[in-house]
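Each chain gets a letter, A, B and so on, in the order its sequence line appears, and its residues count up from 1. All values derive from a computational prediction rather than experimental measurement.
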There are 2 protein chains.
Amino acid sequence: MSPTEPRSYCPINLSLEIFGDAWTLLVLRDLMFSGKRHFRELLQSDERISSNILADRLARLVEHGLLTRSGDPTHRQKAIYSLTEKAIQLLPVVVQIGAWGSRWVPDARKLDAAARRFVRQLQEGGPRLWARRMDELRAVHLR
Amino acid sequence: MSPTEPRSYCPINLSLEIFGDAWTLLVLRDLMFSGKRHFRELLQSDERISSNILADRLARLVEHGLLTRSGDPTHRQKAIYSLTEKAIQLLPVVVQIGAWGSRWVPDARKLDAAARRFVRQLQEGGPRLWARRMDELRAVHLR
DNA sequence: CCCAAGCGGTTGTAAAATGCAAGCAGTCAC
DNA sequence: GTGACTGCTTGCATTTTACAACCGCTTGGG
């Protein structure tokens with residue numbers, strides 16, 4: 001609610017105060033790569049986030065200007081969450097966190113084949129592919 | 001202690017289960033950029049981490065293979081923490097998290113001039129400079 | 001018009017993580 | 001031997017998380 005004093009003004013710390021927790025980046029991941037836009041869609045992640053945490057994280061992300069919340073014309077009480085440019089700029093970070101995990105965390109080998117292909121493509125594509133995806137997100141989420 | 005089942009096998013999630021919290025990446029930041037190697041040095045961060053949390057994070061990082069802990073020849077009970085290759089490979093992620101914060105979090109303007117110069121150099125240097133820093137870290141921390 | 005299904009959340013409560021301050025045994029230089 | 005320094009540990013209050021149930025409103029189908 002009230003803007004609280006940051007622990008320090010180090011840019012790394014300032015970033016982590018926004019998304020340095022277990023759930024926030026997973027929510028952004030789903031918005032970026034799974035085309036999810038609604039509360040109940042986001043609730044269906046593999047990691048089984050609980051609804052109160054999701055509600056809290058969405059509110060924080062809106063508060064920090066990474067998401068906007070708007071109404072769905074087709075359903076009066078349906079909310080649509082949209083990424084802002086500020087959030088879209090985090091895509092390379094999210095991708096590289098995934099790349100690191102895929103390379104260095106042994107459990108990543110247990111990922112199913114389809115997901116693995118997806119991850120590999122995203123990395124072989126490199127920054128140019130990320131930029132393309134960012135443009136796609138802009139087209140869908142901004143304006 | 002006992003390896004617990006991950007919430008999912010998504011590489012992003014696997015990464016976040018290692019460093020997806022408020023403190024872990026700050027500890028790595030200090031090891032990577034401030035030349036800190038000892039417990040009490042790491043305790044002196046701007047963010048005022050408390051000693052029990054620091055002890056816990058160091059233990060986890062060792063457990064996950066991002067750090068090794070060894071004795072200091074000059075002082076029998078002095079511990080030296082060293083980055084592993086697995087951790088050094090996280091440097092680009094750490095740098096880019098800082099770059100994002102520096103660009104998108106308004107409070108980053110309050111950073112002092114010296115630190116700001118450091119941040120700007122690190123970004124203008126780009127991947128080549130990061131690679132150089134990674135090599136320096138390898139020289140100091142490995143073998 | 002009614003009702004089941006879908007919508008974005010809230011609420012209550014227990015368990016876990018965090019933050020804070022103090023303390024502790026071993027080591028070292030003098 | 002003593003005073004400063006080492007890497008932690010302990011106890012306790014506060015905060016955050018996790019889990020499950022529930023809620024009022026909206027919508028489409030019959």
Within this structure, what is the [atom1]-to-[atom2] distance between [X] and [N], rounded to whole angstrom?
X	N	atom1	atom2	answer
H38(B)	dC8(D)	NE2	C1'	15 Å
L42(A)	dG6(C)	CG	C1'	16 Å
F39(B)	dC24(C)	CZ	P	17 Å
L61(A)	dG9(C)	CG	P	13 Å
L58(B)	dT9(D)	CG	C1'	14 Å
R37(B)	dG7(D)	CZ	P	13 Å
D72(A)	dC7(C)	CG	C1'	10 Å
L43(A)	dG8(C)	CG	C1'	10 Å

5'-most by nearest nucleotide on DNA chain C - R7(A) or K78(A):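 Nearest nucleotide further toward 5': that of K78(A).
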
Please determine if D72(A) and R37(A) form a salt bridge, counting it only when a charged side-chain N lies under 4.0 Å from a carboxylate O.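 No, this pair does not count.
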
Could you measure the distance from the [atom1] atom of [X] to the [atom2] atom of [Y]? Nearest 0.5 Å is fine.
X	Y	atom1	atom2	result
E124(B)	R117(B)	CD	CZ	12.0 Å
D56(B)	L61(B)	CG	CG	9.5 Å
L90(B)	L83(B)	CG	CG	9.5 Å
N13(A)	I18(A)	CG	CD1	10.0 Å
M32(A)	I88(A)	CE	CD1	7.5 Å
R109(A)	Y9(B)	CZ	OH	14.0 Å

Could you give all pairs that pass the side chain to side chain donor-acceptor pair (under 3.5 Å) test and reach residues 131-143 of chain A, with sequence neighbours left out?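 Those involving residues 131-143 of chain A are E85(A)-R138(A), R133(A)-E136(A), D135(A)-R138(A).
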
Give every residue pair that meets the side chain to side chain donor-acceptor pair (under 3.5 Å) criterion with at least one member in residues 39-50 of chain A, sequence neighbours excluded.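 Those involving residues 39-50 of chain A are R29(A)-E47(A), E47(A)-S8(B), S50(A)-N52(A).
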
State, to the nearest 10°, the angle formed by the axis through the first five base pairs of the helix from dC1(C)-dG30(D) to dC30(C)-dG1(D) and the axis through its last five.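 Inter-axis angle at the ends, rounded: 20°.
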
Does the side chain of [X] reach to within under 4.5 Å of the side chain of [Y], using non-hydrogen atoms?
X	Y	answer
V27(A)	I49(A)	yes
L58(A)	L42(A)	yes
R69(B)	F39(B)	no

Worked check of side chain to side chain contact (heavy atoms under 4.5 Å, CB included) between H75(A) and Q77(A): CA-CA 6 Å; H75(A) 190 310; Q77(A) 78 173 122; 3.4 Å; yes

Within residues 48-57 of chain A, which residues have any heavy atom lying less than 4.0 Å from an atom of DNA chain C?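 S51(A), N52(A), A55(A), in order of number.
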
Just to confirm, is there a sub-4.0 Å distance from OP1 or OP2 of dC8(D) to any side-chain nitrogen or oxygen of Y81(B)?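 Affirmative; the distance criterion is met.
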
Distance-minimising heavy-atom pair for P6(B) and D107(A):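 Scanning both residues completely, I find the closest heavy atoms to be CG-OD2, 3.7 Å.
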
Contacting residues from residues 12-26 of chain A, given that a heavy atom lies under 4.0 angstrom of DNA chain D: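 Only W23(A) qualify.
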
What string of B, S and - do you get for nucleotides 23-30 of chain D 5' to 3' if you count protein non-hydrogen atoms under 4.0 Å? -BBSS---

